[in-house]
Asker: 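Quick one: the structure is below, questions incoming.
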Amino acid sequence: MKIIQIIFTLNQGGAERFVLDLSNELAQKHDVHLFIVRNEEEKNDFFKNELDDKVKYRSLGFQYGFKPFDYLKIYKLIKEENPDVVHCHMNTILLVLLPSIFLKEIKFFHTVHNDAKKEAKNLLFSGLRKFFYQKSLIHPITISQESKDSFLRFYGFDNSTLIYNGRKFPEKTGNFLKVKSEIESLKEAPTDLVFLHVARFNEQKNQFMLIRVFNQLIRENNGIILLIVGMGFDFEEAEELVATAGKGIYFLGEKTNVADYYHSADAFCLSSHFEGMPISIIEAFACGCVPICTPVGGITNVVKNGTTGFLSKDTSEASYYLSVKEFLKNPDSIDRNGLKVYFEKNFSIKKCAELYEKTFQKGMKKTTKLLESV
């Protein structure tokens, strides 16, 4: 198969990480082309150096806010490339509306990376998506049972294919011992437990609440530190958040070796208001890092309270505080090796890519039958 993947950027983020891993895995058997919409010279290519040589990469250089010429450019590009499959992500679905109407020999897919209502954003975009999904011009793929349920609730029908997100195993890098030493230097005592939050600065992640909870826990002398890894915390918009963080909370910025931090941490924290199926949770499982999360999106399908992590009752500060305290009562209550096995059985990128491959092939067969009937 010839497959085109389309995403805005390869910046640090869950959807971007997933598209990179999926492209690399599919490229072992198929002709995979990865288009990023934005200009890579504007620091939109964080993951580019991890692309397999077999993946054919192109930056389209579109500016923010699509122009009419952009839609024509992507139409001509897809027509010239003549792939079997176009697989788009996030709001790049808008760029393939025109091709999906006129290029009938090509099968179009869109992965819904978040709660369906949240991802649609407004009435116009949701109306367009609904039309193209319902007419099977673009086939939707959902990433967790909750994601699939949100699709049904929002659109009133469900013809999506459910494929749980996958991840390549996050290997330790050559900097692992250096990271371990760095973390040890941040502890007040050698026995301090290490909590990790991996995400960009974003209102969705409910990071003000996370900081307040850990400020309280650290004041109570629980013997813990919180490491925050991700982009955007040095932006002006994040100044208030950073200013509220007390002793024992460290903002470490973007890291290309984020796996070293997962392997060095005791627990992973995600305090989001809403989610799809976070890649960061899958990374935590793979590294045996116990997730402590709010009960949103696909998290509720994979984090079982007291078994594969801890779930707060809701997204409130009080509830999340109690979940962290529950972990602190017995940090070894969850088998970390069991989390790694859980990852291998359910969330490996190989398993995920096989399911995408089958879905693409099934869609292509339907397209062939439709063209033959015409």
Asker: Please test E50 against N24 for side-chain hydrogen bond (donor to acceptor under 3.5 Å, both in side chains), starting from the C-alpha separation and ending with a verdict.
Answerer: CA-CA 9 Å; E50 295 185 44; N24 284 348; over 6 Å; no

Asker: How are the rings of H113 and F18 set relative to one another: parallel (under 30°), tilted (30 to 60°) or perpendicular (over 60°)?
Answerer: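 Ring orientation of H113 relative to F18: perpendicular.
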
Asker: Tell me whether the NZ or CZ atom of R167 lies within the 45° cone about the ring axis of F347 and under 6.0 Å from its centre.
Answerer: no

Asker: Salt-bridge test for E354 and K29: reply yes if a basic N is under 4.0 Å from a carboxylate O, no otherwise.
Answerer: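 Looking at E354 and K29, the cut-off is not met.
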
Asker: Using the ring-ring contact (aromatic ring centres under 6.0 Å, His included) definition, which of the options Y262, Y342, Y164, F343 pairs with F285?
Answerer: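 Answer after filtering Y262, Y342, Y164, F343: Y342.
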
Asker: Answer yes or no: are there more than 12 heavy-atom neighbours, outside K304 itself, under 6.0 Å from its atom NZ?
Answerer: yes

Asker: Around atom CG of L124, are there more than 12 heavy atoms from other residues, nucleotides or ligands closer than 6.0 Å?
Answerer: yes

Asker: For the residue pair F151 and Y133, does the interplanar ring angle fall in the parallel (under 30°), tilted (30 to 60°) or perpendicular (over 60°) class?
Answerer: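 Judged by the thresholds at 30° and 60°, the geometry between F151 and Y133 is tilted.
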
Asker: If we ignore hydrogens and angles and just use 3.5 Å, is the side chain of D192 paired with the main-chain N or O of K187 as donor and acceptor?
Answerer: no

Asker: Backbone N or O of P140 within a donor-acceptor pair of the S160 side chain at under 3.5 Å?
Answerer: no

Asker: In terms of heavy-atom contacts, does NZ of K79 have more than 12 from other residues, nucleotides or ligands at under 6.0 Å?
Answerer: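 Counting other residues, nucleotides and ligands, NZ of K79 stays at 12 neighbours or fewer.
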
Asker: Minimum heavy-atom separation for F327 to D266, with atom names?
Answerer: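 Scanning both residues completely, I find the closest heavy atoms to be CZ-O, 4.1 Å.
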
Asker: Side chain of N165, backbone of I279: donor and acceptor closer than 3.5 Å?
Answerer: no

Asker: Between F8 and F62, does the ring centroid distance fall short of 6.0 Å?
Answerer: no

Asker: Would you say T142's side chain and S144's backbone share a donor-acceptor pair under 3.5 angstrom?
Answerer: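 No, the answer is negative, given that no donor and acceptor are paired below the 3.5 Å cut-off.
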
Asker: Between S23 and Q5, which heavy-atom pair has the shortest distance, and what is it?
Answerer: OG-CG, 3.5 Å

Asker: Using 30° and 60° as the class boundaries, would you call the ring planes of H33 and F35 parallel, tilted or perpendicular?
Answerer: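 Answer is perpendicular, since the angle exceeds 60°.
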
Asker: Please tell me whether K313 and S319 have a donor and an acceptor in their side chains that are separated by less than 3.5 angstrom.
Answerer: no

Asker: Taking the six-membered ring where the residue is Trp, are the ring centres of Y356 and H87 under 6.0 Å apart?
Answerer: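 Y356 vs H87: aromatic centres under 6.0 Å.
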
Asker: About how many Å separate CZ of F109 and CD1 of I138, when rounded to the nearest 0.5 Å?
Answerer: 11.0 Å

Asker: Kindly compute the distance separating CD1 (I74) from CG (L94), expressed to the nearest 0.5 Å.
Answerer: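 Reported value, rounded in 0.5 Å steps: 12.0 Å.
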
Asker: Under a 4.5 Å cut-off applied to non-hydrogen side-chain atoms, are F214 and C269 in contact?
Answerer: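 Contact flag for F214/C269 side chains = yes.
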
Asker: Taking the side chain as every heavy atom from C-beta outward, state whether E275 and K205 have any pair of such atoms under 4.5 Å apart.
Answerer: yes

Asker: Do Y261 and E283 have a side chain donor and acceptor closer than 3.5 Å?
Answerer: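 Note: Y261 and E283 side chains miss the donor-acceptor criterion.
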
Asker: Do N305 and F310 make a side-chain contact, defined as non-hydrogen atoms from C-beta onward lying under 4.5 Å apart?
Answerer: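 Yes, side chains in contact.
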
Asker: Can you check whether S272's main-chain N or O pairs, donor with acceptor, with T294's side chain at less than 3.5 Å?
Answerer: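 Side chain of T294 to backbone of S272, a donor-acceptor pair under 3.5 Å: yes, one is there.
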
Asker: Please identify which of these residues, L196, I225, D260, L252, meets the side-chain contact (heavy atoms from CB on, under 4.5 Å) condition with I183.
Answerer: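 It is I225, the one option of L196, I225, D260, L252 that forms the side-chain contact (heavy atoms from CB on, under 4.5 Å) with I183.
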
Asker: Surrounding NZ of K118 (heavy atoms of other residues, nucleotides or ligands, distance under 6.0 Å), is the total greater than 12?
Answerer: no

Asker: Do the side chains of E81 and K56 get close enough for a salt bridge, i.e. N-O under 4.0 angstrom?
Answerer: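 Salt bridge between E81 and K56, a charged N being under 4.0 Å from a carboxylate O: no.
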
Asker: Under the 3.5 angstrom rule, does the side chain of S280 hit a backbone N or O of G14 as a donor-acceptor pair?
Answerer: no

Asker: Look at the side-chain heavy atoms of Ile, Leu, Val, Met, Phe, Trp and Tyr, link any pair under 4.5 Å apart, and say whether F125 and I6 land in one connected group.
Answerer: yes

Asker: Is it true that, when you exclude D53 itself, more than 12 heavy atoms of the residues, nucleotides or ligands shown sit nearer than 6.0 Å to its CG?
Answerer: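 Count not over threshold, so no.
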
Asker: Flag yes if more than 12 heavy atoms outside K168 fall under 6.0 Å of its NZ atom; otherwise flag no.
Answerer: no

Asker: Do I36 and M231 belong together in a cluster built from hydrophobic side chains that touch within less than 4.5 Å?
Answerer: no

Asker: Scan R129, E119, H110 and name whichever one has a side chain to side chain donor-acceptor pair (under 3.5 Å) with N91.
Answerer: R129

Asker: Is there side-chain contact between E317 and N206, with at least one heavy-atom pair below 4.5 Å?
Answerer: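 No - every pair of side-chain heavy atoms lies 4.5 Å or more apart.
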
Asker: Is the shortest distance from a Lys or Arg side-chain nitrogen in E146 or R153 to a carboxylate oxygen in the other one below 4.0 Å?
Answerer: yes

Asker: Return yes if some donor-acceptor pair links the side-chain N/O of S181 with the main-chain N/O of K178 below 3.5 Å, else return no.
Answerer: no

Asker: So, applying side chain to side chain donor-acceptor pair (under 3.5 Å) with H30, which one of K54, E357, E25 is it?
Answerer: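 Single side chain to side chain donor-acceptor pair (under 3.5 Å) partner of H30 among K54, E357, E25: E357.
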
Asker: Given the side-chain rings of F235 and F201, with only the six-membered ring counted for Trp, is the space between their centroids under 6.0 Å?
Answerer: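 No, the ring centres sit 6.0 Å or more apart.
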
Asker: Taking the side chain as every heavy atom from C-beta outward, state whether T9 and F46 have any atom pair closer than 4.5 Å.
Answerer: no

Asker: Please check if any side-chain donor atom of E220 sits under 3.5 Å from a side-chain acceptor atom of Q216, or the reverse.
Answerer: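 Present: a donor and an acceptor within the cut-off.
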
Asker: Hey, could you give me the CG/CD1 distance between D21 and I282, rounded to the nearest 0.5 Å?
Answerer: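 Interatomic distance, D21 CG to I282 CD1, rounded to 0.5 Å: 9.5 Å.
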
Asker: Applying the 4.5 Å side-chain criterion to the ILVMFWY set and letting contacts propagate, would F131 and F108 be lumped into a single cluster?
Answerer: yes

Asker: Stepwise, does the side-chain contact (heavy atoms from CB on, under 4.5 Å) test hold for V290 with R336?
Answerer: CA-CA 7 Å; V290 179; R336 296 171 194 275; 3.5 Å; yes

Asker: Check whether any side-chain heavy atom of R212 sits under 4.5 Å from a side-chain heavy atom of Y321, and report yes or no.
Answerer: no

Asker: With a 6.0 Å cut-off (strictly less than), is the heavy-atom count around NZ of K67, excluding the residue itself, greater than 12?
Answerer: yes

